[in-house]
Amino acid sequence: MDYAIQVKNLTKSYKDFTLDNISLDLPCGTVMGLIGENGAGKSTFINSLLNIVNAQYDRGIILGYDLKTQEKLIKEDLAVIFSDSHYDLSFTPLFVGKMLSKIYKNWNEKKYLDYLKRFGLPEKKRLKKFSTGMRVKLEFAAALSHEPKLLILDEATSGLDPVVRDEILDILREFTEEEDHAVLISSHITSDLDKIADYIAYIHEGKLRFVKTYDELQNDYGILNCGQELFDSLNQEDIAAYKKEAYSYRVLIKNKLKFRKVFCDVSIENASIEDIMLFYIKGEKVR
Amino acid sequence: MKGIILKDLYDNFCILKNAASYVFAIIFLGLIGFLVHTKYHYVLFLGIIAPILGGAAVESSTEQDEAANFNKLQITFPVTKTEIVIAKYILGLGFVGASNLLALVYSLVQVYGYHVVTPPEALRITGFGISISLIFLSVIYVGYFLLGKRWGTIFFVFIAALTGGLYGAYSYLFGLETFLECSPFVIFGCIFAGIIILTLSCLASIKIYTRRYS
């Protein structure tokens with residue numbers, strides 16, 4: 001199996017929003033960050049992959065299984081953590097383990113208890129007495145203890161402090177050490193994606209704008225600060241978007257290496273994922 | 001499905017306020033049932049109170065699921081939406097079984113301890129109680145799946161009050177004797193109707209749940 005997710009022309013229409021013909025492949029052994037502003041369609045895309053909402057698509061293969069006909073097989077090997085759906089706060093970690101052991105064929109109780117110990121989570125304490133960070137760690141312990149091959153995180157780390165987020169990133173790194181594992185992570189905290197993502201998929205207003213490797217983004221995109229004269233001399237094909245400031249322009253360049261050959265004495269800053277996203281959303285396009 | 005049933009059992013009996021409401025209801029009903037020895041109360045207990053207890057399983061689990069938005073997470077488990085709904089109905093049937101078992105103990109005491117009713121009369125009322133349990137469960141479950149916790153509970157109370165009102169009106173207009181003397185065929189027919197209505201209710205709930213998450 002080369003790909004954890006293969007989707008072609010996935011569409012979901014609501015009255016006021018359409019997720020429009022999304023096609024993407026997530027190779028095994030990699031982490032894909034899904035970025036986009038609120039309401040762009042990231043969660044709709046994830047919900048479609050999980051059959052929480054019914055979408056139309058030409059092809060939907062997850063972990064080698066057909067999404068329409070082999071949903072249960074997919075879900076045995078899949079783990080999902082949401083920001084808006086949790087275990088009941090009256091549960092204890094021990095009960096969560098007991099419940100999941102009846103749900104997943106591959107449930108590994110020893111692994112789960114080891115995770116609880118590693119994360120310092122008391123087994124018999126109710127979740128309502130846990131901090132937000134502890135609850136998210138519990139969800140990771142639960143998600144990783146049935147030997148999943150694909151981990152989907154929908155804003156799972158939002159609301160966590162940097163220390164806990166860093167611990168979570170360590171867990172994700174450990175998870176993707178296995179060749180047949182993959183992670184799809186939707187996050188507003190793009191600095192986390194800078195640390196961990198191999199691929200970035202950018203969704204804007206229901207449309208997939210691009211899917212690129214993180215290295216491609218780093219090599220291709222850069223930010224140029226320039227005046228009117230230099231701005232006017234730029235090749236329009238090199239400009240992804242720009243922002244006009246009081247006395248200058250900030251320009252997102254999309255062919256950084258090629259651009260540097262032409263303008264070798266001009267300095268270009270590296271663009272982070274957040275920069276690229278903000279330019280695409282708020283910047284002006286060259287007509 | 002076992003995991004979903006286990007979760008719902010936990011919601012019902014391992015959360016203090018939910019468990020306390022069951023304990024309180026059973027103690028209260030037990031006291032009333034064993035202190036009052038009339039045919040009217042006997043029929044009320046077996047025909048209405050026991051069936052209402054049987055329909056209570058879904059209330060606690062719906063409340064807990066809504067508070068944590070657990071349904072969304074639940075759909076990511078390797079169970080189909082149909083299996084999730086069926087699991088809830090299986091637990092509901094378990095509750096109906098338990099409440100009718102409680103009713104049986106009550107019946108034995110009333111028949112052989114206090115001689116309130118004869119064994120044939122007790123059997124008839126038990127049969128009616130089972131059919132009302134199934135119908136009540138069917139209606140309440142569709143209500144919760146369709147309306148959610150808040151309006152589902154209002155619907156629950158409304159249906160319980162309506163059932164009580166109908167019982168009162170029936171016994172006032174036609175007398176209790178018609179219950180106690182009716183033909184066994186009528187009772188079997190009622191139980192059969194209860195099974196059909198429960199099946200239809202389960203299918204409707206599957207449709208509602210699937211439509212909600214699509």
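Because only heavy atoms are used, hydrogens play no part in the values below, and waters and symmetry mates are left out as well, while side chains stay in. Residue numbering restarts at 1 for every chain, and letters A, B, ... go by the order of the sequence lines.
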Closest non-hydrogen atom pair between A/N51 and B/K81, with its separation:
O-NZ, 2.7 Å
Using a cut-off of 6.0 Å, state whether more than 12 heavy atoms not belonging to B/F188 lie near its atom CZ.
no
Over 12 non-hydrogen atoms of neighbours within 6.0 angstrom of CZ in B/F192:
no
Residue A/Y3 excluded, over 12 heavy atoms near OH under 6.0 Å:
no
Minimum heavy-atom distance between B/I75 and A/I52, given as atom pair plus value:
CG2-CG1, 3.8 Å
With a 4.5 Å cut-off on heavy-atom pairs, point out which of B/D11, B/T210, B/L73 contacts chain A the most.
B/L73
Just wondering, are more than 12 heavy atoms of other shown residues or ligands nearer than 6.0 Å to NZ in B/K2?
no
With chain B as the partner, which of A/L50, A/D77, A/V80, A/D84 has the greatest number of non-hydrogen pairs under 4.5 Å?
A/D84
With a sphere of 6.0 Å drawn around CZ of A/R118, does it hold more than 12 non-hydrogen atoms of other residues, nucleotides or ligands?
yes
Report the residue from A/I74, A/I103, A/L73 that forms a side-chain contact (heavy atoms from CB on, under 4.5 Å) with B/P78.
A/I103
What are the two closest heavy atoms between A/F95 and B/K7, and how far apart are they?
CZ-CA, 3.7 Å
Quick one: pull up OG1 in B/T76 and CZ in A/F82 and give me the separation to the nearest 0.5 Å.
5.5 Å
Heavy-atom closest contact (A/M99 atom, B/F70 atom, distance):
CE-CZ, 4.0 Å
Is it true that, when you exclude A/K111 itself, more than 12 heavy atoms of the residues, nucleotides or ligands shown sit nearer than 6.0 Å to its NZ?
yes
I need the A/K102 NZ to B/F77 CZ distance, nearest 0.5 Å.
15.0 Å
Which atoms of A/K12 approach chain B - backbone, side chain, both or neither, heavy atom under 4.5 Å
side chain
B/F13, CZ atom: more than 12 neighbouring heavy atoms under 6.0 Å:
yes
Within a strict 4.5 Å, meaning less than it, do heavy atoms of the A/D88 and B/Y10 side chains meet?
no
State, to 0.1 Å, how close B/Q64 and A/S90 come at their nearest heavy-atom pair, and which atoms those are.
NE2-OG, 3.8 Å
Is B/Q74 in contact with chain A via its backbone, its side chain, both, or neither, using a 4.5 Å heavy-atom distance?
neither
Structural part of A/N47 lying under 4.5 Å from a heavy atom of chain B:
side chain
Where do A/K72 and B/T80 come nearest, in terms of heavy atoms and distance?
CD-CG2, 3.9 Å
For A/K124, is the NZ atom crowded, meaning more than 12 foreign heavy atoms sit under 6.0 Å from it?
no
